[in-house]
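As structure tokens, the structure follows; a few thoughts come after it.
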Amino acid sequence: MINLNGKVAIVTGGAVGIGAAISKELASNGVKVVLNYNSSSKAAEDLVAQIQANGGEAYAVQADVSVSEEATKLVNAAVEKYGRLDILVNNAGITRDSSFKKLSEENWRKVIDVNLNSSYNTISPALPHLSESDAGRIINISSVIGQTGAFGQTNYSAAKAGLIGFTKSLALELAKTNVTVNAICPGFIETSMVLEIPEEIRGQIVAKIPQKRFGHPEEIARGVLFLCKDGAYITGQQLNINGGLAM
Ligand code: NAP
């Protein structure tokens with residue numbers, strides 16, 4: 001088991017939803033968290049204050065990780081602030097749902113940029129620093145939709161499936177180093193991303209989940225903690241936290 005005390009993590013989109021739960025979980029286990037946000041500046045400030053009030057360490061950095069220069073700026077800010085980098089959680093994500101016939105090129109590209117290209121953008125500058133860690137961890141937040149597909153989500157499922165392939169290939173390339181690379185594939189988790197779905201459709205989704213409920217962001221955060229702490233011999237995997245929705 002790895003002692004996480006004093007380790008440094010970047011959590012992209014770490015101020016709200018699943019990312020906020022991950023930031024809190026890591027901070028409460030002694031990790032110094034660089035909490036990235038794009039637009040949620042107030043939520044980021046509040047979360048940093050909350051983590052510090054609980055005796056943890058966190059630092060908020062604004063960056064649009066779909067833009068390569070901004071992702072590099074984020075990684076540099078983390079290393080300047082804390083002098084090292086051990087954990088990178090690529091959590092930033094968006095949906096722009098529509099049937100393929102109505103899908104604009106803009107919404108195709110935007111979803112691929114934020115959900116998939118962002119991981120290239122962060123991992124490229126982060127890798128030299130992660131490689132210096134005795135327990136480097138890259139955790140990409142994919143989705144059950146990347147495994148199963150979903151009506152109206154060709155863009156999102158392509159991005160999330162792409163992230164799984166990227167995870168496996170990079171895990172192979174880094175297997176002889178101290179850096180592990182894994183994906184977490186959440187099912188439907190109670191955050192704004194799911195609460196935006198019309199209530200009637202949400203009811204239909206819950207009916208299809210074997211455990212008959214949505215997941216909580218904290219349940220994903222505990223998966224991240226597990227991979228960081230106990231995951232030295234786990235690489236290239238998909239950790240499915242989905243209430244049995246896909247097996
Ligand atoms: P959310 O509440 O909508 O949060 C999305 C997060 O992504 C926010 O922190 C947002 O930051 C960040 N983000 C979006 N665009 C960004 C950009 N260009 N640069 C930096 N950050 C950006 O959704 P969530 O449910 O917590 O989703 C978190 C991750 O889990 C996503 O990758 C999502 O695809 C994945 N996921 C979610 C579910 C689910 O059911 N909720 C299921 C499977 C996978 P700002 O608010 O600062 O803009």
Side-chain angles (χ1 to χ4, degrees), residues 10-25 33-48 60-75 77-78 88-97 107 109-122 139-150 153 155-164 166-167 183-197 201-202 205-206 208-209 213-221 223-224 238-243 245-246:
I10 292 175
V11 182
T12 69
V16 302
I18 293 172
I22 295 169
S23 298
K24 282 192 262 186
E25 186 71 52
V33 178
V34 177
L35 186 160
N36 157 251
Y37 65 95
N38 184 28
S39 56
S40 299
S41 57
K42 176 78 171 67
E45 264 173 46
D46 290 350
L47 187 53
V48 167
V61 178
Q62 195 283 330
D64 175 348
V65 291
S66 70
V67 177
S68 152
E69 295 75 23
E70 296 203 21
T72 300
K73 183 191 81 177
L74 166 65
V75 171
L88 171 62
V89 184
N90 286 309
N91 166 76
I94 57 165
T95 50
R96 293 285 184 276
D97 296 352
N107 281 341
R109 292 196 186 280
K110 183 80 188 154
V111 167
I112 301 287
D113 277 343
V114 176
N115 293 278
L116 178 59
N117 292 338
S118 60
S119 289
Y120 172 84
N121 295 340
T122 56
I139 298 169
N140 297 321
I141 306 298
S142 177
S143 169
V144 67
I145 304 302
Q147 300 168 310
T148 63
Q153 293 199 302
N155 49 1
Y156 185 75
S157 59
K160 294 303 194 184
L163 210 43
I164 293 171
F166 179 19
T167 298
I184 292 185
C185 297
F188 288 85
I189 309 299
E190 259 173 352
T191 67
S192 61
M193 193 173 273
V194 160
L195 297 173
E196 277 165 13
I197 299 171
I201 298 181
R202 267 191 281 145
I205 293 170
V206 171
K208 285 186 191 152
I209 300 171
R213 67 169 177 86
F214 290 130
H216 305 299
E218 294 73 20
E219 292 175 310
I220 307 305
V224 170
Q238 300 158 65
L239 178 55
N240 299 329
I241 306 178
N242 64 22
L245 185 57

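Note that this is a predicted model, so its numbers are computed, not measured. Just the heavy atoms: all of them, side chains too, but no hydrogens, waters or symmetry mates, feed the values below. Positions are given from 1 along the sequence. Order of appearance sets the numbers: ligands from 1, and atoms from 1 within every ligand.
- Considering backbone and side-chain atoms alike, Val144 places every N or O at 3.5 Å or more from each N or O of ligand 1.
- Around atom 20 (C) of ligand 1, the closest heavy atom drawn from Ala20, Ala60, Ala63, Gly187 belongs to Ala63.
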Next on the checklist: Evaluate Ser192 against Val16 for side chain to side chain contact (heavy atoms under 4.5 Å, CB included), listing each step before the verdict.
Outcome noted: CA-CA 9 Å; Ser192 61; Val16 302; 5.9 Å; no
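- The heavy atom nearest to atom 43 (C) of ligand 1, out of those in Ser143, Gly146, Ser119, Ser39, is found in Ser143.
- With a 4.0 Å heavy-atom cut-off, ligand 1 is reached by the backbone of Ile189 and by its side chain too.
- Residue contacts with ligand 1 include Lys160, since one of its heavy atoms falls under 4.0 Å from the ligand.
- With Lys73 contributing its side chain and Gln62 its backbone, the two residues share a donor-acceptor pair below 3.5 Å.
- Counting atoms of ligand 1 from 1 in the listed order, those under 4.0 Å from a heavy atom of Asn36 are 20 (C), 21 (N).
- No side-chain donor-acceptor contact under 3.5 Å links Ser157 to the backbone of Gly146.
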Next on the checklist: Between Phe188 and Ile145, does the side chain to side chain contact (heavy atoms under 4.5 Å, CB included) criterion hold? Intermediate values first, please.
Outcome noted: CA-CA 9 Å; Phe188 288 85; Ile145 304 302; 4.2 Å; yes
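- Under a 4.0 Å heavy-atom criterion, Phe214 is not in contact with ligand 1.
- Residue Gly17 has at least one heavy-atom neighbour below 4.0 Å for each of these atoms of ligand 1: 2 (O), 26 (O).
- In terms of modelled atom types and a separation under 3.5 Å, the side chain of Thr12 and the main chain of Ala92 share a donor-acceptor contact.
- Annotation for ligand 1: atoms under 4.0 Å from non-hydrogen atoms of Ser192 are 1 (P), 2 (O), 3 (O).
- Closest protein heavy atom to atom 8 (C) of ligand 1: Val16 CG2, 3.5 Å.
- Residue contacts with ligand 1 include Ser142, since one or more of its heavy atoms lies under 4.0 Å from the ligand.
- When Thr191, Ile184, Asp64, Leu163 are checked for heavy-atom proximity to atom 18 (N) of ligand 1, Asp64 turns out nearest.
- Of the heavy atoms in Ile145, none comes closer than 4.0 Å to ligand 1.
- Atom CG of Leu88 and atom CG of Asn36 lie 10.0 Å apart (nearest 0.5 Å).
- Side-chain atoms of Asn115 and Ile94, non-hydrogen and from C-beta on, do get closer than 4.5 Å to each other.
- For the side-chain contact (heavy atoms from CB on, under 4.5 Å) with Phe214, the lone residue among Leu195, Ile189, Val206 that qualifies is Val206.
- The shortest N/O to N/O separation between Tyr156 and ligand 1 falls below 3.5 Å.
- Of all protein heavy atoms, the one lying nearest to atom 27 (O) of ligand 1 is Met193 CE, 4.0 Å.
- Heavy-atom proximity to atom 5 (C) of ligand 1, evaluated over Ala92, Gly93, Ala43, is greatest for Gly93.
- Within the listing of ligand 1, atoms 40 (O) sit less than 4.0 angstrom from a heavy atom of Phe188.
- Between Leu163 and Ser119 the shortest side-chain heavy-atom distance falls below 4.5 Å.
- Looking at Gln147 and Asn240, their side chains do bring a donor and an acceptor atom within 3.5 Å of each other.
- Those atoms of ligand 1 that come under 4.0 Å of a heavy atom in Asn91, given as number and element, are 28 (C), 29 (C), 30 (O), 31 (C), 32 (O).
- When all heavy atoms of Ala246 and Thr148 are compared, the closest pair comes out as CB-CG2, 3.9 Å.
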Checklist entry - Val89 and Ile141: side chain to side chain contact (heavy atoms under 4.5 Å, CB included), yes or no, with the steps? => result CA-CA 7 Å; Val89 184; Ile141 306 298; 4.2 Å; yes
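- At a 3.5 angstrom cut-off on N or O pairs, Val114 does not count as close to ligand 1.
- Backbone and side-chain nitrogen or oxygen atoms of Gly13 are examined, and one is located within less than 3.5 angstrom of a nitrogen or oxygen of ligand 1.
- Distance CD1/Ile164 to OG/Ser143: 8.0 Å, rounded to 0.5 Å.
- Short contacts between ligand 1 and Ile94, defined as distances under 4.0 Å to a heavy atom of the residue, involve ligand atoms 14 (C), 15 (N).
- Summary of contacts: the protein heavy atom closest to atom 46 (O) of ligand 1 is Ser40 OG, 2.5 Å.
- Within ligand 1, counting atoms from 1 as listed, the ones closer than 4.0 Å to a heavy atom of Val194 are 39 (C), 40 (O), 41 (N).
- Distances shorter than 4.0 angstrom do not occur between any heavy atom of Cys185 and any atom of ligand 1.
- Within ligand 1, counting atoms from 1 as listed, the ones closer than 4.0 Å to a heavy atom of Tyr37 are 47 (O).
- Going from atom CG of Asn121 over to atom CD of Glu70 covers 10.0 Å, rounded to the nearest 0.5 Å.
- When Asn90, Val224, Ile22, Ile18 are each tested for a side-chain contact (heavy atoms from CB on, under 4.5 Å) with Val11, only one passes: Ile22.
- The nearest protein atom to atom 26 (O) of ligand 1, hydrogens excluded, is given as Ile18 N, 2.8 Å; this is a heavy-atom distance.
- Going from atom CG of Asn117 over to atom CZ of Arg109 covers 10.0 Å, rounded to the nearest 0.5 Å.
- In terms of protein heavy-atom proximity, atom 11 (O) of ligand 1 is nearest to Asn38 N, 4.0 Å.
- Within the structure, the closest approach of Val65 to ligand 1 falls below 4.0 Å when heavy atoms are considered.
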